[in-house]
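Numbers here are sequence positions counted from 1.
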Amino acid sequence: AEYHSACQSGDLATVKKLIDSHAITIDADFDPVERVTGLHWAAINNKLSVVQYLSKQGADPNFKSNSLNATPLHWAARYGYVYIVDYLLRNSDADVTICDDQGFNALHLAVNSSNIMLVCYILYFVVDTGLLDVDCRDSQNRTPLLWAAYQGDPLTVSLLLKFGANVKLADDSGFTSLHWGVVKGQVQVLKHLIK
């Protein structure tokens with residue numbers, strides 16, 4: 001509990017003390033029920049120094065936890081933490097293609113965070129390099145564009161379209177991005193999609 005609390009609050013001194021004293025081992029630092037690691041807690045709380053330290057100690061960036069089987073990268077992307085996502089992708093073996101139990105990968109989660117800077121980062125440094133497809137699908141066949149339209153996020157819709165997102169793709173319910181855009185009713189989103 002002390003270790004997880006330190007990871008959440010960014011108390012690097014306590015994290016180091018517990019690992020250096022072998023009170024915590026980096027490959028078994030998760031709780032037995034939810035399977036949440038220290039790296040998950042640091043990632044979701046935007047504690048870059050703890051993420052850096054744990055990564056250098058060998059924390060597994062692809063460890064899946066909780067009911068969604070989400071990785072630390074998923075947790076950071078869901079909340080739009082650009083610095084954490086960047087560090088995990090550039091300095092660890094974080095696999096950007098892993099999906100959680102909803103079928104969400106880092107791009108879906110970046111779009112759902114509504115942080116345009118993270119969406120830009122993922123598009124330029126992940127999608128543009130061929131690691132993910134701009135039209136990747138979740139477990140209900142929803143693409144990032146469908147999610148952005150549903151959220152009424154005109155900046156993300158515009159950017160996804162610039163990266164070649166397909167407006168004609170439909171999800172399992174038969175809805176396209178235009179259908180989802182109408183549900184939200186955001187005028188700029190509808191203009192981008194119709195254009």
Side-chain angles (χ1 to χ4, degrees), residues 40 42-48 51 61 64 66-92 94-195:
H40 281 92
I44 200 170
N45 286 287
N46 204 20
K47 303 303 179 190
L48 182 58
V51 167
K64 294 180 177 181
N66 75 19
S67 60
L68 289 178
N69 279 311
T71 68
L73 178 64
H74 291 142
W75 283 31
R78 181 177 298 279
Y79 285 88
Y81 296 144
V82 179
Y83 292 117
I84 303 295
V85 169
D86 174 63
Y87 184 84
L88 290 171
L89 291 180
R90 291 172 26 132
N91 299 289
S92 74
D95 184 348
V96 73
T97 65
I98 292 176
C99 294
D100 66 15
D101 285 352
Q102 294 175 295
F104 291 169
N105 60 37
L107 179 56
H108 291 108
L109 293 165
V111 168
N112 280 302
S113 79
S114 293
N115 181 337
I116 192 63
M117 294 306 295
L118 181 57
V119 174
C120 285
Y121 179 91
I122 297 287
L123 288 171
Y124 280 100
F125 296 106
V126 176
V127 171
D128 210 33
T129 60
L131 294 172
L132 283 177
D133 181 6
V134 71
D135 288 321
C136 53
R137 300 197 179 236
D138 67 15
S139 60
Q140 296 180 357
N141 275 319
R142 292 190 179 122
T143 66
L145 183 61
L146 271 73
W147 279 111
Y150 170 72
Q151 291 177 180
D153 185 345
L155 292 174
T156 300
V157 167
S158 175
L159 194 56
L160 288 166
L161 291 170
K162 285 179 182 169
F163 274 79
N166 186 339
V167 296
K168 296 181 180 182
L169 295 178
D171 63 15
D172 287 348
S173 63
F175 276 34
T176 65
S177 53
L178 188 57
H179 291 117
W180 284 115
V182 169
V183 168
K184 190 66 171 188
Q186 210 288 339
V187 175
Q188 290 302 316
V189 166
L190 298 175
K191 285 181 179 180
H192 287 308
L193 294 171
I194 291 168
K195 182 180 176 186

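Side-chain atoms of His108 do not come within 3.5 Å of backbone N or O of Cys99 as any donor-acceptor pair. Of the possible donor and acceptor atoms, none in the side chain of Ser158 sits under 3.5 Å from a partner among the backbone N and O of Pro154. Counting only distance, with no hydrogens or angles, the side chain of Ser113 and the backbone of Tyr79 share no donor-acceptor pair below 3.5 Å. At distances below 3.5 Å, at least one donor-acceptor pair connects side-chain atoms of His74 with backbone N or O atoms of Ile98.
Between Leu146 and Tyr150 there is no side-chain heavy-atom pair separated by less than 4.5 Å. Asn112 has its side chain out of reach of Arg78: every pair of non-hydrogen atoms, C-beta onward, lies at least 4.5 Å apart. Counting only heavy atoms from C-beta outward, the side chains of Val111 and Leu160 approach each other to under 4.5 Å.
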Which pairs would a plain distance check flag for residues 177-193, meaning a side-chain donor or acceptor within less than 3.5 Å of a matching protein atom at least two apart in sequence or in another chain?
| from | atom 1 | to | atom 2 | distance (Å) |
| --- | --- | --- | --- | --- |
| Ser177 | OG | Val167 | O | 3.4 |
| His179 | ND1 | Thr176 | N | 2.8 |
| His179 | ND1 | Thr176 | OG1 | 3.1 |
| Trp180 | NE1 | Asp171 | OD2 | 2.8 |
| Gln186 | OE1 | Gln188 | N | 2.8 |
| Gln186 | OE1 | Val189 | N | 2.9 |

Would you be so kind as to tabulate the donor-acceptor pairs closer than 3.5 Å made by side chains of residues 123-134, with sequence neighbours excluded?
| from | atom 1 | to | atom 2 | distance (Å) |
| --- | --- | --- | --- | --- |
| Thr129 | OG1 | Phe125 | O | 3.3 |
| Thr129 | OG1 | Val126 | O | 2.9 |
| Asp133 | OD1 | Asp135 | N | 3.2 |

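Atoms CG and CG, on Leu155 and Asn115 in that order, are 11.0 Å from each other to the nearest 0.5 Å. The CH2 atom of Trp75 lies 5.0 Å from the CG atom of Asn66; values are rounded to the nearest 0.5 Å. One distance of note links CG of Leu118 with CD1 of Ile84; it measures 11.5 Å at 0.5 Å rounding. Of the inter-residue distances, the one linking Tyr81 atom OH with Lys47 atom NZ reads 8.5 Å to the nearest 0.5 angstrom. Rounding to the nearest 0.5 Å places CG of Asp95 at 9.5 Å from CG of Leu89. Interatomic distance, Leu145 CG to Leu159 CG, rounded to the nearest 0.5 Å: 11.0 Å.
Nearest heavy-atom pair, Leu68 versus Asp100, reported as atom, atom and distance to 0.1 Å: O-CB, 3.2 Å. In plain terms, the two heavy atoms of Thr156 and Ala148 that are nearest each other are CG2-CB, 3.7 Å. Nearest heavy-atom pair, Ala77 versus Ala106, reported as atom, atom and distance to 0.1 Å: CB-O, 4.0 Å. Here the closest heavy-atom approach between residue Thr71 and residue Pro61 is recorded as CB-O, 3.6 Å. Taking all atoms of both residues into account, the shortest heavy-atom contact from Ala43 to Pro72 is CB-O, 3.6 Å. Listed here is the closest heavy atom pair of Leu73 and Ala94: CD2-CB, 4.4 Å.
In this structure Arg137 satisfies the side chain to side chain contact (heavy atoms under 4.5 Å, CB included) test together with Asn141, Thr143, Leu169, sequence neighbours excluded.
The environment of OH in Tyr87 is crowded: more than 12 heavy-atom neighbours from other residues, nucleotides or ligands sit within 6.0 Å.
A salt bridge is absent between Asp138 and Arg142; no separation between the charged side-chain nitrogens and carboxylate oxygens falls under 4.0 Å.
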